[in-house]
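What you see below is based on every heavy atom in this structure, not just the backbone, and it leaves out hydrogens, waters and symmetry mates. In each ligand, atom 1 is the first atom listed, and ligand 1 is the first ligand listed.
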Amino acid sequence: PLGPALLFVKTGEGKEEGRRFYACSACRDRKDCNFFQWEDEKVSETRLAAREEYNRNHQPFFTHRQNVERYKNFVLLPLAKRKFCQECQQLLLPAEWEEHSDHQFLCDISTAQLKRPSQLLYPLENKKTNAQYLFADRSCQFLLDLIIDLGFRRVLSVGTPRLHEMIQSKASQEEDFRVRSLLLDIDFRYSQFYTEDEFCHYNMFNHFFFGGEAARETCRKFLYQDNGERVIMVTDPPFGGLVEALASSFKKLMAMWKETEKEVGHNNQEMPVFWIFPYFFESRILEFFPSFSMMDYQVDYDNHALYKHGKTGRRQSPVRIFTNLTPSMIVLPVEEGYRFCAICQRYVSSGNQHCEICNSCTSKDGRRWKHCVLCKKCVKPSWFHCNNCNCCALQNHTCEKTDAGCFVCGKAGHKRSTCPSLSHT
Ligand code: SAH
Ligand code: ZN
Ligand code: ZN
Ligand code: ZN
Ligand code: ZN
């Protein structure tokens, strides 16, 4: 149901090691989608038919077009008749109230509420597939201001519904607001609030447009406007997502933009990108996008217990902006403690000291890091050089290098599925 599967390979011990298989690109939990097929497996006609039937049954109840029609009718209703079913996460028309009579409703849905669907819809919480962490207003406003200051006019919002709605809402209210956004997201609930020119149902793990060629064309047209100039892609994928799969999709979106070049020529440039992701993925992202660099800005979230500002001051968020724009152009707010390092030519966290030996501001997490002469690099303040392991580590670590550690945070003792960096309450 979520478009083409991805090809994986079994790793670890056991006799099936190295065997390749197809599984769902977005649902990494077999409970959510049990699609599984060995690469070399022969699939019977009956099973194919059963799959097709399953896929048909797992399509959304209304099409995007139908949802757009429904919205038009919904906004014509007087306030007292505007109801939203919380169970079904759906705007209701009066004829449908009956069917939902034992469900919880939100009533008197105002125009202001319709302009902020991310607050009306509950955030999807499925940890592995569709964890939705919504930007805190402060971070969302920062991103938009930055985008405007950099002179961009169009934003391809890939998995950033809150940024999209901030842009759409300003565009409808402020006459001289010139920025436009197209949202690509797997969360089909948003099709109730946006037209087919504002939202495409999209899977960023396999670059799949659920709306087919027409939707792909919408995206292409959006990128092509004004000869592809002044457009930026902003994406904030689920942190459990496979970097490889994401990078492959983003490269395809960037290639889509680049096709405009045939007509106008962008001097061999890349489409500007902000990829918002935790700092411990830096090396993975740079592997796929060597032109990217990581900014020190800490992105905060509303509904993430770990990554938001507490009442008692700043809690550190591990989430950063990766971009192919020149770092010196990304101006970070001085009032939040960022400063410009003239040597590195970029804004850094206040705690991030320039290391004379590394000749760079080396901290990744905002704390002051210290240089280890033996490792020939800066390390976390809590680390000490261990002569056994021949590298820096926590003082109470167990000296064993065999454990490869978690794929997400690199620490030993757990796997990515149970990584505390991804957890939330
Ligand atoms: N901070 C962002 C939301 C990020 S949460 C904001 O406030 O706007 C991750 C987003 O990616 C969610 O909107 C989720 O629906 C979307 N998403 C998750 N899996 C996806 C996939 N496979 N393809 C496209 N979008 C996906
Ligand atoms: Zn520096
Ligand atoms: Zn150093
Ligand atoms: Zn060391
Ligand atoms: Zn981990």
Side-chain angles (χ1 to χ4, degrees), residues 2-3 6 24-28 32-33 116-119 121-141 143-144 155 157-167 181 183-190 199-210 234-242 245-246 249-250 253 274-277 296 299-304 307-308 317 319 321 327-328 339-349 352-363 368-380 392 424:
L2 298 180
L6 293 183
C24 179
S25 63
C27 302
R28 311 253 309 298
D32 296 326
C33 174
R116 304 219 56 186
S118 78
Q119 294 196 328
L121 303 166
Y122 63 74
L124 299 176
E125 292 242 336
N126 181 327
K127 218 187 211 167
K128 283 181 199 152
T129 38
N130 207 344
Q132 282 180 322
Y133 296 122
L134 299 167
F135 293 134
D137 257 346
R138 211 175 49 87
S139 281
C140 202
Q141 191 66 60
L143 282 170
L144 182 53
V155 181
S157 297
V158 184
T160 54
R162 195 155 263 187
L163 178 64
H164 175 73
E165 84 186 13
M166 189 178 260
I167 295 172
S181 169
L183 176 64
L184 307 188
D185 202 290
I186 204 163
D187 187 350
F188 192 65
R189 296 175 305 172
Y190 282 99
F199 169 72
C200 297
H201 190 201
Y202 174 78
N203 183 348
M204 62 168 113
F205 291 123
N206 56 6
H207 188 60
F208 181 66
F209 286 87
F210 293 80
V234 181
T235 183
D236 187 13
F239 304 147
L242 289 167
L246 292 169
S249 299
F250 300 158
L253 289 170
F274 286 165
W275 177 349
I276 297 164
F277 225 46
D296 268 20
V299 179
D300 285 315
Y301 294 85
D302 256 359
N303 57 337
H304 200 298
Y307 307 168
K308 71 175 181 194
S317 158
V319 185
I321 301 169
S328 61
R339 65 177 175 86
F340 189 71
C341 174
I343 307 168
C344 294
Q345 283 292 303
R346 68 179 182 103
Y347 282 80
V348 295
S349 291
N352 193 356
Q353 294 276 329
H354 190 87
C355 169
E356 301 289 335
I357 308 163
C358 296
N359 194 29
S360 119
C361 290
T362 44
S363 169
R368 182 175 183 170
W369 285 26
K370 58 183 186 187
H371 192 86
C372 170
V373 278
L374 296 168
C375 290
K376 297 193 176 67
K377 64 175 185 190
C378 285
V379 297
K380 291 184 177 175
C392 282
H424 60 101

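- Heavy-atom proximity to Asn203, at under 4.0 Å, picks out these atoms of ligand 1: 21 (C), 22 (N), 23 (N).
- Rounded to 10°, the angle formed at the Zn ion (ligand 3) by SG of Cys378 and SG of Cys358 is 120°.
- Under 4.0 Å from ligand 1, the heavy atoms of Tyr301 that appear belong solely to its side chain.
- Residue contacts with ligand 1, taken as heavy atom pairs separated by less than 4.0 Å, involve Tyr133 solely via the backbone atoms N, CA, C and O.
- Where the criterion is an N or O separation shorter than 3.5 Å, residue side chain and backbone included, Phe135 meets it with respect to ligand 1.
- Shown are the protein N/O/S atoms under 2.8 Å from the Zn ion (ligand 2), given by residue and atom: Cys341 SG, Cys344 SG, His354 ND1, Cys361 SG.
- With ligand atoms numbered from 1 in the order given, ligand 1 contributes 17 (N), 18 (C), 19 (N), 20 (C), 21 (C), 22 (N), 23 (N), 24 (C), 25 (N), 26 (C) to contacts under 4.0 Å with heavy atoms of Ile186.
- Between Phe199 and His201, the ring planes are parallel. Angles under 30° get that label, and only those over 60° would be called perpendicular.
- Close N/O approach between Leu134 and ligand 1 is not found [any backbone or side-chain N/O within under 3.5 Å].
- In terms of the side-chain hydrogen bond (donor to acceptor under 3.5 Å, both in side chains) criterion, residue partners of Ser181 (sequence neighbours excluded) are, by chain and number, Ser157, His164.
- The N/O atoms of Pro161, backbone and side chain alike, include one that comes under 3.5 Å of an N/O atom in ligand 1.
- We find that Asp236 and Arg162 are not joined by a salt bridge, their nearest charged nitrogen and carboxylate oxygen being 4.0 Å or further apart.
- Pro237 and Phe250 make their closest contact through CG-CZ, 4.0 Å (heavy atoms, listed as atom of the first residue, atom of the second, distance).
- Between atom 15 (O) of ligand 1 and the options Asp300, Val158, Asp185, Leu143, the minimum heavy-atom separation is to Asp185.
- Ligand-side atoms of ligand 1 in range of Phe205: 22 (N), range being under 4.0 angstrom from any heavy atom.
- A heavy-atom distance below 4.5 Å is found between the side chains of Leu184 and Leu253.
- Every N/O-N/O distance between Ala26 and ligand 1 stays at or above 3.5 Å.
- Taking every heavy atom of Asp187 and a limit of under 4.0 angstrom, the matching atoms of ligand 1 come to 15 (O).
- Inter-residue side-chain proximity for Ser25 and His207 is flagged as unmet; no heavy-atom pair is nearer than 4.5 Å.
- Phe239 places a side-chain heavy atom less than 4.5 Å from the side chain of Tyr133.
- Which parts of ligand 1 touch Gly159 is read off a 4.0 Å heavy-atom cut-off, strictly below it: atoms 2 (C), 3 (C), 4 (C), 9 (C), 10 (C), 11 (O).
- Within His371, the N/O/S atom positioned nearest the Zn ion (ligand 3) carries the name ND1.
- Between Tyr301 and Phe135, the gap from one ring centroid to the other is short of 6.0 Å.
- For Phe205 against Ser249, the heavy-atom pair with the smallest separation is C-OG, 3.7 Å.
- At least one side-chain heavy atom of Asn359 sits under 4.5 Å from a side-chain heavy atom of His354.
- In this structure, Cys33 and Leu2 have side chains that are not in contact, with every pair of non-hydrogen atoms separated by 4.5 Å or more.
- For the Zn ion (ligand 3), the N/O/S atoms of Cys372 include none lying under 2.8 Å.
- Close contacts between ligand 1 and Leu163 involve ligand atoms 8 (O) [criterion: under 4.0 Å to a heavy atom].
- With hydrogens and angles disregarded, a donor-acceptor distance shorter than 3.5 Å links the side chain of Arg346 to the backbone of Cys361.
- In the vicinity of Tyr202, heavy-atom distances shorter than 4.0 Å reach the ligand 1 atoms 23 (N), 24 (C).
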